[in-house]
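Worksheet for the structure shown next.
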Amino acid sequence: QVQLVESGGGSVQSGGSLRLSCEVSGYHYDHWHMAWFRQAPGKEREGVAGIDSAGRMKYAESVKGRFTISQDNGENMLYLTMSSLKPEDTAMYYCAAGPGRILPLSRLLRANEFNYWGQGTQVTVSS
């Protein structure tokens, strides 16, 4: 049974930094893809950053240069390091994992490519 548990959210001021963590269990594929999504109140869920087993990464334009996705296979962890945070980054952030296959990079941030989701961790950025 795949389980994803996020942590590390909180409240920060504009310009601050946070690192989100996702503890992954039960997820064992030779080929895999994982990502961070976020959803603000009244808005659709959007892909923020994705990574796959080939080491390819994809970022939403709105976070390029500010967010970094990384993973630690040895500790079964996925991370999202966020810097230069803006009020518009305020959202619930979700860790997601997809079934074992290789995706075209263009689809790495599409929610329908992921079938395992965590419960989310709230990030609030004040101006």
Side-chain angles (χ1 to χ4, degrees):
Q1 181 181 0
V2 178
Q3 287 190 320
L4 307 173
V5 180
E6 303 94 337
S7 61
S11 297
V12 296
Q13 290 191 327
S14 182
S17 301
L18 281 174
R19 189 177 81 156
L20 305 183
S21 300
C22 175
E23 184 175 1
V24 183
S25 59
Y27 184 63
H28 304 291
Y29 293 100
D30 289 336
H31 304 293
W32 52 264
H33 52 280
M34 298 191 69
W36 289 94
F37 288 77
R38 67 186 181 187
Q39 188 167 21
K43 294 188 177 181
E44 292 187 357
R45 187 171 297 192
E46 65 168 336
V48 174
I51 187 170
D52 69 11
S53 52
R56 301 180 303 168
M57 289 174 277
K58 183 175 178 64
Y59 294 92
E61 286 296 323
S62 59
V63 307
K64 277 184 179 178
R66 301 188 298 121
F67 290 12
T68 302
I69 189 170
S70 60
Q71 54 88 24
D72 184 332
N73 279 335
E75 294 188 356
N76 296 321
M77 298 291 292
L78 183 73
Y79 301 102
L80 184 68
T81 303
M82 307 183 293
S83 61
S84 302
L85 282 162
K86 304 175 181 180
E88 51 264 45
D89 294 318
T90 295
M92 185 71 78
Y93 282 72
Y94 299 90
C95 173
R101 64 173 181 260
I102 298 175
L103 287 180
L105 191 60
S106 60
R107 288 160 57 180
L108 193 52
L109 296 183
R110 296 188 183 182
N112 60 4
E113 299 289 355
F114 296 83
N115 53 348
Y116 305 112
W117 295 84
Q119 293 301 305
T121 186
Q122 177 68 37
V123 172
T124 303
V125 185
S126 58
S127 57

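The figures that follow rest on heavy atoms only: side chains count, while hydrogens, waters and symmetry mates do not.
A distance-only check finds no donor-acceptor pair linking the side chain of His33 to the backbone of Arg107 [under 3.5 Å]. Between the side chain of Glu6 and the backbone N or O of Cys95 there is at least one donor-acceptor pair closer than 3.5 Å. Distance alone, capped at 3.5 Å, is enough to place a donor-acceptor pair between the Ser83 side chain and the Arg66 backbone. Between the side chain of Thr90 and the main chain of Val125, a donor-acceptor pair closer than 3.5 Å is present. The main-chain N or O of Trp32 is found under 3.5 Å from a side-chain atom of Ser53 such that the two form a donor-acceptor pair.
One hydrophobic cluster holds both Leu80 and Val123 under the rule that ILVMFWY side chains link at heavy-atom gaps under 4.5 Å. The hydrophobic clustering, which links ILVMFWY residues whose side-chain heavy atoms are closer than 4.5 Å, places Val63 and Met34 together. Under the 4.5 Å side-chain heavy-atom criterion for Ile, Leu, Val, Met, Phe, Trp and Tyr, Met92 and Val12 are members of distinct hydrophobic clusters.
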What verdict does the side chain to side chain contact (heavy atoms under 4.5 Å, CB included) test give for Ile69 and Val48, after you've listed the backbone C-alpha separation in whole Å, the side-chain angles of each residue and the deciding distance to 0.1 Å? CA-CA 9 Å; Ile69 189 170; Val48 174; over 6 Å; no
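In Glu46, the CD atom is crowded: over 12 heavy atoms of neighbouring residues, nucleotides or ligands sit closer than 6.0 Å. Few gaps surround CD on Gln122; more than 12 heavy atoms of other groups in view lie less than 6.0 Å from it. Enclosure of atom CG in Asn112 by more than 12 non-hydrogen atoms of other residues, nucleotides or ligands within 6.0 angstrom is indicated.
When all heavy atoms of Leu4 and Cys22 are compared, the pair lying nearest together is CB-SG, 3.9 Å.
Between Tyr59 and Leu108 the shortest side-chain heavy-atom distance does not fall below 4.5 Å. No side-chain heavy atom of Thr68 sits under 4.5 Å from any side-chain heavy atom of Met57.
For the atom pair CD (Gln13) and OG (Ser127), the distance works out to 9.0 Å, reported to the nearest 0.5 Å.
Taking the six-membered ring where tryptophan is involved, the planes of Tyr27 and Tyr116 are perpendicular, since the angle between them exceeds 60° and thus also 30°.
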